[in-house]
Amino acid sequence: MSCEVFIEPCAGRGDCVVNEITNLSSCICSDPFSNQIEFNFMIEGDIEARIEACTYHDTWLYALYALGAIFASFAVFQQLYNCQKGGITGSALRGITFFSLGLGLFASVVRLLNRESALFGEDILFSFLIANLYSIVAVVTQLFLARYMKYLRLKLIQGNTVEVLGIKLYIKFANRIIILDLILFQLFGLVAIVEKQSRKTIFLLADLYLFLKICFVWFCTYRFLGQ
């Protein structure tokens, strides 16, 4: 594939240069943009064909990872201080907190130290870290929502109204949603080791599941939370 096939060669952030020997064209990106295969692995063609568009703003990208590492480090020390003061109760909550912060810090450091190779979908370790970060976010979100729904059911809402029935339905399936979230995001970590067609299947199933989950949560809660 030539970079000249795009509507705007090199995404308008570089020059399309033709090799006189091979007669093939490639992008020379303008600073600070670059072309990488991260999140481009689902495009058909060989590696050279998939990295022609200059889509990465390196300065902003690594500034965000650096900020992530700084905030994660600060949060770790804050949680340690809270533990000493008795501000965090429950071993499960402490475990989830430190595990999530540790993953965020580790993932940011891995990316900053290996800018060329630590790419999602290409590097096994980095893909695994990102997949588990998303997994924790999804699980914690469902845990807090389920707890809030139980509180509403017990303290604020009585009877068998449509709102109550929706909340009961969500509480009934909350644990199953959490298990499915864990399975789904673990599959994301496999994109670095499976074949291209399998990657497409994983993302297709993930998109379908997330869409159905959003519809289910909305159906169960919108009548009350939307008021």
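Rounded to the nearest 0.5 angstrom, Leu103 CG and Leu133 CG are separated by 5.0 Å. Distance check, rounded to the nearest 0.5 Å: CD1 of Ile178 to CG of Leu143 gives 4.0 Å. Separation of atoms SG (Cys29) and CG (Asp15) is listed at 9.5 Å; rounding is to 0.5 Å. A distance of 13.0 Å separates CZ of Phe71 from CG of Leu101, quoted to the nearest 0.5 Å. Between atom NE2 of residue His57 and atom CG of residue Leu64 there is a gap of 10.5 Å, rounded to the nearest 0.5 Å. Here Ile171 contributes atom CD1 and Arg147 contributes atom CZ; the two are 12.5 Å apart, rounded to the nearest 0.5 Å.
Across all non-hydrogen atoms, the minimal contact from Pro32 to Thr59 is CB-OG1, 3.5 Å. In plain terms, the two heavy atoms of Ala107 and Leu129 that are nearest each other are CA-CD1, 3.7 Å. When all heavy atoms of Arg115 and Leu119 are compared, the closest pair comes out as O-CD2, 4.0 Å. Taking each heavy atom of Ile202 and Leu187 in turn, the nearest pair found is CD1-O, 3.7 Å. The shortest non-hydrogen separation linking Arg176 to Lys172 is NE-O, 4.5 Å.
Side-chain contact check for Tyr170 versus Leu145: some heavy-atom pair is nearer than 4.5 Å. Side-chain contact between Met149 and Phe144 is absent, with no heavy atoms from C-beta onward closer than 4.5 Å.
Both Phe120 and Tyr65 are assigned to one and the same hydrophobic cluster, defined by single-linkage of ILVMFWY side chains at heavy-atom distances under 4.5 Å. Tracing side-chain contacts under 4.5 Å through hydrophobic residues (I, L, V, M, F, W, Y), one never reaches Ile183 starting from Tyr134; they form parts of separate clusters. With hydrophobic clusters built from ILVMFWY side chains whose heavy atoms lie under 4.5 angstrom apart, Leu212 does not share a cluster with Leu210. Side-chain heavy atoms closer than 4.5 Å link hydrophobic residues (I, L, V, M, F, W, Y) into clusters, and following such links, even through other members, never connects Leu112 to Leu105. Transitive grouping of hydrophobic side chains (ILVMFWY, heavy atoms separated by less than 4.5 Å) keeps Val137 and Ile177 in distinct clusters.
Checking side-chain atoms of Ser135 against main-chain N and O of Ala131 turns up no donor-acceptor pair under 3.5 Å. A distance-only check finds a donor-acceptor pair linking the side chain of Asn132 to the backbone of Phe128 [under 3.5 Å]. Of the possible donor and acceptor atoms, none in the side chain of Tyr62 sits under 3.5 Å from a partner among the backbone N and O of Arg111.
Around CZ of Phe216, the count of heavy atoms belonging to other residues, nucleotides or ligands within 6.0 Å exceeds 12. Within a 6.0 Å sphere centred on CZ of Phe173, other residues, nucleotides and ligands contribute more than 12 heavy atoms.
One finds a salt bridge joining Asp181 and Lys213 here, because a Lys/Arg side-chain nitrogen approaches an Asp/Glu carboxylate oxygen to under 4.0 Å.
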Exercise for the section: Test side chain to side chain contact (heavy atoms under 4.5 Å, CB included) on Asp123 and Asn114 and set out the steps. Expected result: CA-CA 10 Å; Asp123 181 78; Asn114 303 277; over 6 Å; no
Problem - Audit row: Leu205, Leu184, side chain to side chain contact (heavy atoms under 4.5 Å, CB included) steps and yes/no - result: CA-CA 9 Å; Leu205 292 175; Leu184 169 69; 5.9 Å; no
Practice task
Step by step, work out the side chain to side chain contact (heavy atoms under 4.5 Å, CB included) result for Tyr209 and Leu180.
Solution key: CA-CA 9 Å; Tyr209 166 73; Leu180 290 175; 3.4 Å; yes
Handout entry: Residue pair Phe126, Ile130: steps toward the side chain to side chain contact (heavy atoms under 4.5 Å, CB included) verdict
Key = CA-CA 6 Å; Phe126 187 72; Ile130 295 298; 3.7 Å; yes
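Counting only N and O atoms by type, the side chains of Asp58 and Ser34 include a donor and acceptor under 3.5 Å apart.
Between Phe188 and Phe185, the gap from one ring centroid to the other is short of 6.0 Å.
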